[in-house]
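Only one structure is covered here, and it is reproduced in the block below.
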Amino acid sequence: MEKALTKVGSIKVGSFWLTKKAKAEFNNISQDINSISNTVEEKAKWIFNKLKGTPMKTLTDLLREHNLPPGLFPQNIMSYELDESKTKLTVHLPSPCEITFKDGSLIRYATRVKCILLRDKLIGIEGMKTKVLVWVKVTNVSVEGYKSEKVCFTAGVKKSRPREAYDIPRDAVRVKEF
């Protein structure tokens with residue numbers, strides 16, 4: 001009997017036999033539960049900080065404090081979170097969107113953009129792409145010093161762009177998918 005069930009594509013879990021399809025469904029459900037758990041945890045931290053009374057700076061002010069152009073993110077963000085101990089920044093947007101900047105560059109944002117915020121740079125970015133010939137993931141954004149006129153985007157290769165194109169936050173255009 002065990003050999004027949006193994007040939008059909010079933011596996012034994014404890015005293016139960018499960019098909020591989022059922023196992024995949026259980027994995028999908030557990031991933032969904034983890035995702036919901038993480039979202040609830042992030043929102044709980046945000047509410048706790050609000051109740052604690054620590055006034056939050058605007059995202060543009062936070063970027064300026066770190067010598068980054070204030071227009072790197074869209075104007076219409078829903079919220080942001082900053083874990084100061086790890087300098088982890090998470091920006092929440094209402095939907096996937098994109099911005100065409102003054103220099104003609106095009107950047108697309110996911111509904112959640114995560115990165116590490118340091119002086120003069122954002123590193124380990126997740127949820128941001130730029131269009132070269134095809135869409136390429138942006139991994140780092142940096143400024144080469146306090147008075148620098150250039151912003152460097154790393155998306156496979158490092159590309160410098162004029163800082164003035166990112167000085168003003170712009171409204172993003174909604175797109176169907178990131």
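Annotation for Arg174 and Ser95: closest pair CG-OG, 3.3 Å, computed over non-hydrogen atoms. Between Pro70 and Thr60, the closest heavy-atom pair is O-CG2, 3.6 Å. Considering all non-hydrogen atoms of both residues, Leu63 and Pro69 come closest at CD1-O, 3.7 Å. For Gly127 against Val113, the heavy-atom pair with the smallest separation is O-CG2, 3.4 Å.
Applying the salt bridge (Lys or Arg N to Asp or Glu O under 4.0 Å) test to every pair with at least one member in residues 59-68, sequence neighbours left out, gives these pairs: Lys57-Glu65, Asp61-Arg64.
Residues forming a side chain to side chain contact (heavy atoms under 4.5 Å, CB included) with Arg170 (at least two apart in sequence, or on another chain): Ile99, Phe101, Lys102. Legend: residues meeting side-chain hydrogen bond (donor to acceptor under 3.5 Å, both in side chains) with Asn140, ordered by chain and number and at least two apart, are absent. With sequence neighbours excluded, the residues forming a side chain to side chain contact (heavy atoms under 4.5 Å, CB included) with Glu144 are Ser142, Ser148, Cys152, Lys158, listed by chain and number. Partners of Lys131 according to the side chain to side chain contact (heavy atoms under 4.5 Å, CB included) rule, which considers only residues two or more places apart in sequence or in another chain, are Leu106, Trp135. Applying the salt bridge (Lys or Arg N to Asp or Glu O under 4.0 Å) test to Asp103 and every residue at least two apart in sequence or in another chain returns nothing. By the side chain to side chain contact (heavy atoms under 4.5 Å, CB included) test, Val173 pairs with no residue at all, sequence neighbours left out. Legend: residues meeting salt bridge (Lys or Arg N to Asp or Glu O under 4.0 Å) with Arg161, ordered by chain and number and at least two apart, are absent.
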TODO: Step by step, work out the side-chain contact (heavy atoms from CB on, under 4.5 Å) result for Ile77 and Val91.
DONE: CA-CA 7 Å; Ile77 67 164; Val91 179; 3.7 Å; yes
TODO: Assess whether side-chain contact (heavy atoms from CB on, under 4.5 Å) is satisfied between Thr90 and His92, documenting all intermediate values.
DONE: CA-CA 7 Å; Thr90 305; His92 299 276; 3.7 Å; yes
Open item on the list: Show, in sequence, the C-alpha distance, side-chain angles and deciding distance for Thr154 and Val138, and conclude whether the side-chain contact (heavy atoms from CB on, under 4.5 Å) test is met.
Closed with: CA-CA 6 Å; Thr154 305; Val138 175; over 6 Å; no
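Cluster partners of Ile116 are Leu118, Ile123, counting Ile, Leu, Val, Met, Phe, Trp and Tyr whose side-chain heavy atoms approach within less than 4.5 Å, directly or via other members. Within the hydrophobic cluster formed by Ile, Leu, Val, Met, Phe, Trp and Tyr side chains joined at under 4.5 Å, directly or through other members, Met78 stands alone, with no partner residue. Alongside Val132, the hydrophobic cluster contains Val134, Val136 (criterion: ILVMFWY side chains under 4.5 Å). Here Leu133 sits alone; no ILVMFWY side chain lies under 4.5 Å from its own, so it joins no hydrophobic cluster.
Using a 4.5 Å heavy-atom cutoff, the side chains of Glu98 and Ile107 are not in contact. Leu122 places a side-chain heavy atom less than 4.5 Å from the side chain of Leu117. Side chains of Arg119 and Asn67 form a contact here, defined as non-hydrogen atoms less than 4.5 Å apart. A 4.5 Å side-chain heavy-atom check between Phe73 and Leu93 finds every atom pair outside the cut-off. Residues Tyr109 and Pro74 are in side-chain contact: their nearest non-hydrogen atoms beyond the backbone lie under 4.5 Å apart. Between Met128 and Lys137, every side-chain heavy-atom pair lies at or beyond the 4.5 Å cut-off. Counting only heavy atoms from C-beta outward, the side chains of Leu82 and Leu62 approach each other to under 4.5 Å. Val143 places none of its side-chain heavy atoms less than 4.5 Å from the side chain of Lys121.
To the nearest 0.5 angstrom, Lys129 atom NZ is 4.5 Å from Phe178 atom CZ. Atom-to-atom distance recorded for Ser79:OG and Arg112:CZ is 10.5 Å, nearest 0.5 angstrom. In this structure, Gln75 CD and Asp171 CG are separated by 4.5 Å, a value rounded to the nearest 0.5 Å.
Ring centers of Phe153 and Tyr166: under 6.0 Å apart, within the cut-off.
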